[in-house]
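Reviewing the structure listed below.
As a basis for the values below, the full set of heavy atoms in this structure was taken, side chains included, without hydrogen atoms, waters or symmetry mates. Whatever order the structure lists ligands and atoms in, that order sets their numbers, starting from 1.
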Amino acid sequence: MRLAMPRLFPWLFIAWTTPALAETLALTGGAVWTGPAAQPIRNGTVVIENGRISAVGRLRAPRGATVIDCTGMTVLAGFWNSHVHFFERKWANGGTIPAPELERQLEEMTTRFGFTSVFDIGSPGENTRRIRQRIEKGEVRGPAIRATGEVIVAPGAVPPANVLRMLGNLPSENHEVNSAEEATAAVRSLVASGADGIKLHLQLPLPEDVIQAVANEARKAGKPVFVHPSSRADVMAAARAGVDVLAHTTPFAQWDGAVVRALLEKRVAITPTLSMWRFLLRHDRVTMQEKAAAEAVAQLNAWHAAGGTVLFGSDLGAVEYDPAEEYERMARAGMRFAKILASLTQAPAERFGEAAERGQIAPGFAADLTIVAGDPATNLRALTAVRYTIRNGRVIFRGKP
Ligand SMILES: [Zn+2]
């Protein structure tokens, strides 16, 4: 049967013989963190077959396997960035950017920092989906992209197209809503056009029934809701509505115990975007920058100390690309390495329904891996010293030694 198949289905034969799929890959000699809570396996081996992890432990590379020597390196589950945007002008006409240039741009923003999965929470949806298609077809190397597409906002909350262009961004046909009915219709339309989640942007406030309507309709469609809050009232309303992810800390609104309790009760997760505040306020007085940055760190500290879920998210695409500062600020908020690792791997995989095959290094899991030089558990800077980014068993980025 297996021999007869290729004649009947030549495309299947091609799939079987594509090296990336047929090859057995063995990563040897590194310290392997199978999960954020586990002790690393020193001098461990990860075996990858057909894009999946087939074995992990202190074992020999199988015969005939292609070996990547990871001596002196740390092997981690592939990183997620749960707050990114493909809205810079460079992504315009995503379907026709020459492949080498598109790949270079994806590398600069994502794969060179080890991101194998990203959640884009606000960009022109059709354009981002075109970029994703080209990655998924294998035309260019890049991360798995999920995207909310256009955001839901109050009328006038987002600057007009000419201002956005001047600021370096693509214009976007956002859904401006005035009522719960319009919000429900906006969610339906986004879901129908292929959105993987819904982003509610509260740059200007919206009434609580609108927030509720968005959350209810998105829940029916099984899509996570991300909220950009501006005030304490926004955070409380988002918590009451039971949204999935708070897209930012809010340094201009204090988080007292009641805020933390409300968010915990509804199991809301947070993408802290700590370094975004420094970037956003870079034209403001130094003391204001410092105050906001310190408040954001204090909020994250209160949140994770209370047991709240943190998803690594930096507002990538709206800020500088290098996540080193974000990791450093998370550590300043009291997050130990294992917790930062959880925010990059297991926590997002769980939150977005992929816990059975991503977020850990275990047999049967997808071979999404981030391999860094050195030991990030003792030196956090090592998290950005990425040597290999592997997605579904394929090397999508190779760093220089
Ligand atoms: Zn953002």
Checklist entry - Any salt bridge between Arg129 and Glu126, counting N to O under 4.0 Å? => result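 Salt bridge flag = yes for Glu126 with Arg129.
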
Next on the checklist: Can you tell whether the side chains of Glu328 and Arg332 come within less than 4.0 Å, N to carboxylate O?
Outcome noted: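 Salt bridge present between Glu328 and Arg332.
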
Next on the checklist: At a cut-off of 2.8 Å, what protein N/O/S atoms sit near the Zn ion (ligand 1)?
Outcome noted: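 The answer is His83 NE2, His85 NE2, Asp315 OD1.
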
Checklist entry - For Gln105 and Ile97, which heavy atoms make the closest approach, and how far apart are they? => result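 Taking every non-hydrogen atom into account, NE2-CD1, 4.4 Å.
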
Next on the checklist: Applying side-chain hydrogen bond (donor to acceptor under 3.5 Å, both in side chains), can you list everything that pairs with Ser314, at least two apart in sequence or on another chain?
Outcome noted: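 Partners of Ser314 by the side-chain hydrogen bond (donor to acceptor under 3.5 Å, both in side chains) criterion, ordered by chain and then number, come out as Asn81.
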
Item to check | Residues forming a salt bridge (charged side-chain N to carboxylate O under 4.0 Å, His left out) with Arg358, sequence neighbours excluded | outcome: Glu354, Asp368

Checklist entry - Got a sec, which residues hit salt bridge (charged side-chain N to carboxylate O under 4.0 Å, His left out) with Glu108, two or more places apart in sequence or on another chain? => result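 Partners of Glu108 by the salt bridge (charged side-chain N to carboxylate O under 4.0 Å, His left out) criterion come out as none, since no residue qualifies.
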
